[in-house]
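All residue numbers in this chain count up from 1 along the given sequence. In listed order, ligands and their atoms are each counted from 1.
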Amino acid sequence: MSHSVIEKWDKIQALLRDESDISKISYKTFLENLEPIRVQDNTIIIKTDDEIGRDYIERKYSKSIIIAIREIVGEIYNIKFMLPSEIAKEKKKVSNKKIPTNNNNEYNGLNSRYTFDTFVVGNNNKLAHAAALAVAESPAEAYNPLFIYGGVGLGKTHLMHSIAHFILSENSESKVLYVSSEKFTNELIKSIRDDKNEEFRQKYRNIDVLLVDDIQFIAGKERTQEEFFHTFNTLYEAKKQIIISSDRPPKEIETLEERLRSRFEWGLIADIQPPDFETRMAILQKRAEMEHLNLPNDVIQYVATNIKSNIRELEGGINKIIAYSTLVHKDLTKELAEDALKDLITPEKDKEITPQFILEIVAEHYNINPADIVSKKRPREIAYPRQIVMYLSRTLTDLSLPKIGQILGKRDHTTIIHGYEKISKDIQKDSAFKNTIEILTKKITGK
Ligand SMILES: Nc1ncnc2c1ncn2[C@@H]1O[C@H](COP(=O)(O)OP(=O)(O)OP(=O)(O)O)[C@@H](O)[C@H]1O
């Protein structure tokens, strides 16, 4: 199952191993063999083979494990230790019981918390939410494919899982497959290596609904694109639903084959923007309510005011405050929140916007190497982001054109003016591009 706690277990263990309060021998004896089995409603089930030591591990190390998990994953989970015999017994019970959605969940790696019920609708995600619901209600009839895009941590995965849960709850027999594009790629590579390409195809082509998260990662991977192209066609022709997410619209995914790009544009493209203040408040209130957290309104307001661009960070902020209050045994107040988040929230005046910073954000967005931007390289996938950096450096900093030119690879100031004018024109011509520039500006200024 691809839950982040399970994926990152190695890192969590490495942190425990390096923890100064835990001796090497204790780590080896009690912690090294722990293995996360699954995550259920915010509780991580951890397997221990040590029947006698289990209580001791629970008493002595639970807290360190919870803190290590929070460090690595950014969320607080409860933990429950189980022996192999208990896990086996449980498995048997579940398979006798036949809860179709749960079985499917396990197979599909869906997070049970990500449903339409827990998704807060705001101005920033109204369209994406409505489109997702339409697709969930009428798979392959409403919009096919549905392409959802938006910045990091804004709810794309949450919406995709919601669609999958909804379809499964309506029809438990429906074959719903959710994967990240990374997993798709890795499985493809493995199938080629093991000579099991046919099996791979069977898996991806004999389903009713395919959801592929973070498709931008197939950019530049020719074989994966080729395989995905055929998967797409087979499913589409058989009137099966395809849902794709990405951090940017199809036309901005560099090195994506044209035939895929155009297919992604066949259905509906819906974006998710960063949430406004009211939506941020509503998301935090909902989270508090769901987890029965007693959070004073001014604490919620403090977090919603100061963390703006990413919902994962917004939730991380609340988690951090709760962890901090538990550790220092103090009540949850605004003062405590300020203290807990002082590393996360930098006062506005400290943030200096430099061409270097702009360059990093733009390079990250276009998935290119920052060094290429200051280089003399001329291919369009580098030259165009370079001009965006010129435009943003001129609009967002007070530096002179020669100075900007100097920083961006010793370029002449007329080159900077040219870049600025080119981008200004494109913004006027193309509203999707204007939107991209706005997203980049928000990322850079944090506003
Ligand atoms: N509208 C919303 N209502 C409630 N919770 C939300 C909403 N949007 C996002 N979240 C929560 O924010 C967190 C991050 O969301 P999610 O993982 O879906 O983001 P993402 O856009 O897929 O990010 P990435 O780009 O990293 O893949 C999740 O815990 C999710 O439940």
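- Distances below 4.0 Å separate heavy atoms of Thr118 from the following atoms of ligand 1: 3 (N), 4 (C).
- Both tests do not hold together for Arg248 against Tyr149: distance to the six-membered ring centre under 6.0 Å, angle to the ring axis within 45°.
- Counting heavy atoms under 4.0 Å from ligand 1, residue Asp214 touches it through the side chain alone.
- To the nearest 0.5 Å, atom CD of residue Gln301 and atom CZ of residue Arg280 are 11.0 Å apart.
- Atom 30 (C) of ligand 1 has its closest protein heavy atom at His158 ND1, 3.4 Å.
- For the pair Arg261 and Phe264, the cation does not sit on the ring face, since its NZ or CZ is not both under 6.0 Å from the ring centre and inside 45° of the axis.
- Put simply, the side chain of Pro274 reaches to within 4.5 Å of the side chain of Leu154, judged on heavy atoms.
- In this structure, Arg259 satisfies the cation-pi test against Phe229, with its NZ or CZ atom closer than 6.0 Å to the six-membered ring centre and inside 45 degrees of the ring normal.
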Point to revise | Lys377 and Asp372: CA distance, side-chain angles, deciding distance, salt bridge (Lys or Arg N to Asp or Glu O under 4.0 Å) verdict | key: CA-CA 7 Å; Lys377 290 184 186 164; Asp372 285 345; 2.8 Å; yes
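- Near Glu315, the atoms of ligand 1 lying under 4.0 angstrom from a non-hydrogen atom of the residue are 11 (C), 12 (O), 13 (C), 28 (C), 29 (O).
- For Arg113, the closest heavy-atom approach to ligand 1 falls below 4.0 Å.
- At under 3.5 Å, not a single nitrogen or oxygen of Ile283, backbone or side chain, sits near a nitrogen or oxygen of ligand 1.
- Every atom of ligand 1 is numbered from 1 in the order shown, and the set under 4.0 Å from a heavy atom of Asn125 is 1 (N).
- Taking a 4.0 Å cut-off on heavy atoms, Gly153 registers as neighbouring ligand 1.
- For atom 22 (O) of ligand 1, the nearest non-hydrogen atom of the protein is Thr157 OG1, 2.5 Å.
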